[in-house]
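Note on naming: letters A, B, ... go to the chains in the order of the sequence lines (proteins, then strands), and numbering restarts at 1 for each one. Note that these values count all heavy atoms, side chains included, but never hydrogens, waters or copies made by symmetry. Everything quoted here is computed from the prediction, not taken from an experiment.
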Protein chains: 2
Amino acid sequence: MKKDDISTEEKIINASIELFSEKGFDSTKTSEIAKNAGVAEGTIFRYFKTKKDILMSIVTKAIQFFSEKFIVLPLNKVLHSEKPEEEILADLLKDRYEMISKNFSIIKVIGTEALTKEKIREKLVEHIAIKTLEIGEEFYQNGIEKGIFRDLPPRTVVRSLFGSIMMLIAEQQFFPHDKKSKDVDKEISTIVEIFMNGIKSRKEQ
Amino acid sequence: MKKDDISTEEKIINASIELFSEKGFDSTKTSEIAKNAGVAEGTIFRYFKTKKDILMSIVTKAIQFFSEKFIVLPLNKVLHSEKPEEEILADLLKDRYEMISKNFSIIKVIGTEALTKEKIREKLVEHIAIKTLEIGEEFYQNGIEKGIFRDLPPRTVVRSLFGSIMMLIAEQQFFPHDKKSKDVDKEISTIVEIFMNGIKSRKEQ
DNA sequence: CCTCCAAGTGAGTGCTCACTCATTTTTATT
DNA sequence: AATAAAAATGAGTGAGCACTCACTTGGAGG
């Protein structure tokens, strides 16, 4: 009889994500994973050949999951929308913000490991970064052609937008204020405002 | 007689920074540090009580160094300059870009470890993040009062600018193109352009 | 109720690696 | 040149931890 309809493998994976994101991969002992997952240490090695296999399994599955949620979905939502660009952008950033916040543990694990492990970095680039950039650049390029956006290098615009959102998330995650979600909406619309209209005051207007 | 006028301690520190930034703290063996530094393994422990002490020494020194270079210097340069705001911003970003790029190894080490080690994160926040934000916000607030900048939340503007620069650096560091430094200047002036004037095309103008 | 097998267990093992310390080498002092 | 002190060495040690394996448990099928 299953306790919770959650498989042993999932219990191990979930415990690992939590611990890896808290303490890092190397500082997490397999004995801790076992304890947190509520299984014996030996059980772990019936599902994963090595500790590193747990990490790679997490990374591979997550990248697959995100490459769908991050790319296929927004591609249709964003590129074929009839809303004004301002709203599309706000929707997109909000979407991204929520997705990243909700999955922050796992993203933190992947991000941390990507810094020192080329193999993980390559997967991230190949399956996430390149495609995300391509879609973003295409969106911006379309905007230029429609006369909505100024003729600036799309790559730079997209990268800067992404950096702005990432820093917002980092701030929220690492210095959590007890703020309401309304502030997030406001932050995001401010970011959209900055990118759309700039920060320079226009006296002549 | 000293070989190079570089002390044993410095040799150990330098080797550690290089290895930590490449492979991460945990995956770096003290034997490797010794080999790279050109000293015996035992020598390391005459200068540092533990391996972790090496890391903490690196972090502490670097944070001290950066809190001067990043804060005192720009405070005077930026807040008391007579140049137009556009140029100040470009100078500032260029300055930051070069500082971070030049010291990327050590910044990568601190950043990586800050993700999982609260103690390091706290130091980073206390000595770098808060002060940097304060100065940036003050600069922007002044600009608002002078009628140069629009009345947007300074924190959001500064954070987004920082995110944009960090992503530029990340791209350069992790997918190094054989680009010339001219591209960097162009990237930075594009970022300034985006922030000053926004991306929206102004037909009426 | 018995049989069988997959799933789970956890004490034990061996290997890796941070750290020690008795010894050697270098430097400073007279 | 002699002596003392400081610095450096690296083989050795022990602790921690990933992983193993002989054994137990649970439950499906007859």
Side-chain angles (χ1 to χ4, degrees), chain A residues 1-61 109-110 112-113 115-117 119-120, chain B residues 1-61 109-110 112-113 115-117 119-120:
Chain A
M1 176 182 286
K2 279 153 197 171
K3 234 187 168 178
D4 229 343
D5 203 22
I6 178 171
S7 75
T8 303
E9 189 175 341
E10 280 175 306
K11 284 195 279 183
I12 295 167
I13 292 266
N14 290 340
S16 298
I17 291 172
E18 200 178 324
L19 288 166
F20 291 167
S21 86
E22 259 171 46
K23 332 174 36 172
F25 174 75
D26 289 294
S27 307
T28 300
K29 300 166 207 160
T30 49
S31 61
E32 293 176 299
I33 297 173
K35 208 204 281 184
N36 269 38
V39 300
E41 207 172 344
T43 305
I44 291 172
F45 294 95
R46 291 181 52 75
Y47 288 87
F48 302 95
K49 226 161 65 78
T50 64
K51 184 182 155 189
K52 195 159 191 184
D53 271 5
I54 306 176
L55 176 64
M56 292 315 289
S57 164
I58 290 171
V59 170
T60 304
K61 274 184 192 143
V109 172
I110 296 175
T112 306
E113 299 306 321
L115 286 170
T116 49
K117 295 187 180 92
K119 211 171 167 183
I120 293 179
Chain B
M1 173 184 288
K2 279 153 198 172
K3 232 186 167 180
D4 228 345
D5 202 23
I6 178 170
S7 74
T8 304
E9 191 176 340
E10 280 175 306
K11 284 195 280 184
I12 294 167
I13 291 267
N14 291 340
S16 298
I17 291 171
E18 200 179 322
L19 288 165
F20 291 168
S21 86
E22 259 172 47
K23 330 174 40 172
F25 173 75
D26 290 294
S27 307
T28 300
K29 298 166 206 160
T30 49
S31 60
E32 292 176 298
I33 296 173
K35 208 204 279 183
N36 269 40
V39 300
E41 206 172 344
T43 304
I44 291 173
F45 294 94
R46 292 181 50 77
Y47 289 88
F48 303 94
K49 226 162 64 76
T50 64
K51 183 183 157 190
K52 194 160 191 181
D53 272 5
I54 305 175
L55 176 64
M56 291 316 287
S57 165
I58 291 171
V59 170
T60 304
K61 274 185 192 142
V109 172
I110 296 175
T112 306
E113 299 305 322
L115 286 170
T116 49
K117 294 186 180 91
K119 211 172 169 182
I120 293 179

Derivation and outcome, side chain to side chain contact (heavy atoms under 4.5 Å, CB included), residues A:Ile13 and A:Ser57: CA-CA 8 Å; A:Ile13 292 266; A:Ser57 164; 3.7 Å; yes

Euclidean distance, atom NZ of residue A:Lys35 to atom P of C:dT9 [Å, nearest integer]: 15 Å

Pairwise distance CD1(A:Ile110) to NZ(A:Lys117) - rounded to 0.5 angstrom: 12.0 Å

Nearest-nucleotide pick for A:Lys51, side chain only, options being D:dT9, C:dC19, D:dA18: D:dA18

Candidates C:dC17, D:dC19, D:dC17 - which lies nearest the side chain of B:Lys29: C:dC17

Interatomic distance where CZ belongs to B:Phe45 and P belongs to D:dA11 [whole Å]: 16 Å

Between B:Glu41 and B:Thr30, a side-chain donor and acceptor under 3.5 Å: yes

Nearest-angstrom distance from the residue atom NZ of A:Lys11 to P of C:dA7: 14 Å

Among C:dC19, C:dG10, D:dA8, the one nearest B:Thr43 by side-chain distance: D:dA8

Interatomic spacing from CG in A:Asp26 to OG1 in A:Thr112 - rounded to 0.5 Å: 11.0 Å

Nucleotide C:dT20, atom C1' - distance to NZ of B:Lys49 in whole Å: 13 Å

Among D:dT20, D:dT9, C:dA7, the nucleotide that comes nearest once only the side chain of A:Arg46 is considered: C:dA7

Touch class at under 4.0 angstrom, heavy-atom based, for A:Tyr47 against every strand present: sugar-phosphate

Phosphate contact (D:dC19 OP1 or OP2) by A:Thr30 side-chain N/O below 4.0 Å: no

Phosphate OP1/OP2 of D:dC17: any A:Ser31 side-chain N/O under 4.0 Å: no

Validation row: B:Lys52, B:Phe25 side chains within 4.5 angstrom (heavy atoms): yes

B:Ile44 CD1 to C:dT20 C1', straight-line distance once rounded to whole Å: 14 Å

For atom CD of B:Glu32 and atom P of C:dA18, their distance in whole Å: 9 Å

Sugar-phosphate, base or nothing in reach of A:Thr28, heavy atoms under 4.0 Å: sugar-phosphate

Separation of C:dC17 P from B:Lys52 NZ (nearest whole Å): 18 Å

Residue A:Glu41, side-chain atoms from C-beta onward, closest of C:dG8, C:dC19, D:dC19: D:dC19

Length of the CD1-P vector between A:Ile33 and D:dC17, whole Å: 12 Å

